[in-house]
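Report on one structure; see the data block that follows.
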Amino acid sequence: MKYLYRIYQLFIVLPLALLASIITSIVTIIGCFLGNGHFWGYYPARCWGWFMVRILLLPVEVRGRENISDECSYVFVSNHQGAFDIFLIYGFLRRNFKWMMKWQLRNIPLIGKACQAANHIFVDKRGPRRIKETYDKAREILRKGMSVVVFPEGSRSFTGHMGEFRRGAFMLADELQLPICPITINGSFNVMPRTRDMKWVIWHPLSLTIHKPIMPKGKGVEYEKEAMREAYQIVMDGLVPEYKGYKKNPDQ
């Protein structure tokens with residue numbers, strides 16, 4: 001079955017995935033240029049994420065959608081097991097949002113341009129001015145009622161285990177007094193570990209757990225750090241036993 005799955009990936013998935021990525025990027029760029037960036041910046045990519053998971057025949061279980069409301073903005077924080085986290089959140093969260101992503105991703109051909117057109121937030125830490133611009137943009141988006149999705153570890157895991165959380169998302173949530181919604185992803189590391197980028201996809205079930213939001217309890221560094229500790233533990237508790245426990249990520 002492993003080799004049949006690889007043949008299927010090579011001759012069916014690869015060409016269709018490339019075509020879907022190109023079409024999604026072009027539609028996003030043109031749609032955002034013509035108007036309503038919130039719509040065109042999200043729905044084509046949502047279809048793309050769903051398609052990428054389904055064409056690979058990966059089972060998906062989603063739990064906890066009842067925990068979030070359409071009437072509220074959230075700072076979603078998730079563990080980052082692998083590349084398929086992107087497809088899983090885009091395709092199955094079912095919530096319009098903007099990513100906070102590494103600035104280097106804007107250099108990906110066509111996809112980077114689509115992310116710029118969709119007004120996603122590139123986290124640029126090459127100096128105080130760029131850091132300030134990053135967080136000013138995030139504040140503006142959140143104040144307009146949009147949610148953001150952040151991987152607070154800052155990079156994908158090398159082991160499937162969680163590294164440390166960084167403060168940026170929690171500082172924003174504290175400043176704007178917005179709820180933090182933890183998300184736990186399982187299975188993405190098994191599907192494509194970071195050490196196997198651009199190699200064969202491994203068939204494995206995926207799960208997305210949307211936990212109950214952490215509501216603001218006060219304002220200030222003490223409350224921010226408490227929310228970060230609580231979110232970290234909630235995400236950790238949602239992991240399968242194989243990947244529970246902290247392991248240092250070398251590029252954090």
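This structure is a prediction, so every number in the text was calculated from the model and none was measured.
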Fill in: Criterion side chain to side chain donor-acceptor pair (under 3.5 Å) on D85 and Q81, from CA distance to verdict
CA-CA 7 Å; D85 300 341; Q81 280 200 337; over 6 Å; no
Taking [X] for the side chain and [Y] for the main chain, is one N or O donor matched with an acceptor at less than 3.5 Å?
X    : Y    : answer
R194 : S157 : no
W203 : Y5   : no
Q9   : V201 : yes
N96  : M146 : no
R65  : F92  : yes
H161 : K244 : yes
T134 : D124 : yes
N190 : H204 : no
Q177 : P216 : no

Taking the side chain as every heavy atom from C-beta outward, state whether [X] and [Y] have any pair of such atoms under 4.5 Å apart.
X    : Y    : value
R130 : W103 : no
Y8   : L57  : yes
E153 : E164 : no
S188 : H80  : no

Practice prompt. Starting from Y243, walk the hydrophobic network (Ile, Leu, Val, Met, Phe, Trp, Tyr; side-chain heavy atoms closer than 4.5 Å) and list everyone else you reach, by chain and number.
Written response: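 Reading the cluster by chain and number, Y243 sits alongside F189, V240.
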Worksheet item: Applying salt bridge (Lys or Arg N to Asp or Glu O under 4.0 Å), which residue pairs with at least one partner in residues 173-192 are found, sequence neighbours left out?
Response: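 As it turns out, the salt bridge (Lys or Arg N to Asp or Glu O under 4.0 Å) pairs with a partner in residues 173-192, which skip direct neighbours, are R139-E175, R143-E175.
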Could you see if [X] belongs to whatever hydrophobic cluster contains [Y]? Use Ile, Leu, Val, Met, Phe, Trp, Tyr and a side-chain cutoff under 4.5 Å.
X    : Y    : answer
Y232 : V77  : yes
F151 : I210 : yes
L172 : V149 : no
F84  : L14  : no

Heavy atoms of other groups near [X] [atom1], more than 12 under 6.0 Å:
X    : atom1 : value
K132 : NZ    : no
K217 : NZ    : yes
K113 : NZ    : no
R94  : CZ    : no

Item to complete: Have a look at N119 and tell me which of K137, H38, K98 forms a side chain to side chain donor-acceptor pair (under 3.5 Å) with it.
Response: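 Single pass found, and it is K137.
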Exercise: identify the closest heavy-atom pair between [X] and [Y]:
X    : Y    : value
G41  : A118 : CA-CB, 3.6 Å
F97  : I89  : CZ-CG2, 3.8 Å
S25  : I111 : OG-CG1, 3.6 Å
T195 : F158 : CG2-CD2, 4.2 Å
V60  : V62  : CG1-CG2, 3.9 Å
A138 : I121 : CA-CD1, 3.7 Å

Fill in: E61 and R63: CA distance, side-chain angles, deciding distance, salt bridge (Lys or Arg N to Asp or Glu O under 4.0 Å) verdict
CA-CA 7 Å; E61 181 182 10; R63 295 185 292 266; 2.9 Å; yes
Fill in: Residue pair W50, F87: steps toward the ring-ring contact (aromatic ring centres under 6.0 Å, His included) verdict
CA-CA 7 Å; W50 182 92; F87 305 136; over 10 Å; no
Worksheet item: Applying the ring pair (Phe, Tyr, Trp, His ring centres under 6.0 Å) test to W99, which of F76, Y90, F122, Y42 qualifies?
Response: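 When ring pair (Phe, Tyr, Trp, His ring centres under 6.0 Å) is applied between W99 and each of F76, Y90, F122, Y42, only Y90 qualifies.
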Worksheet item: N186 and L206: side-chain contact (heavy atoms from CB on, under 4.5 Å), yes or no, with the steps?
Response: CA-CA 6 Å; N186 281 297; L206 296 165; over 6 Å; no
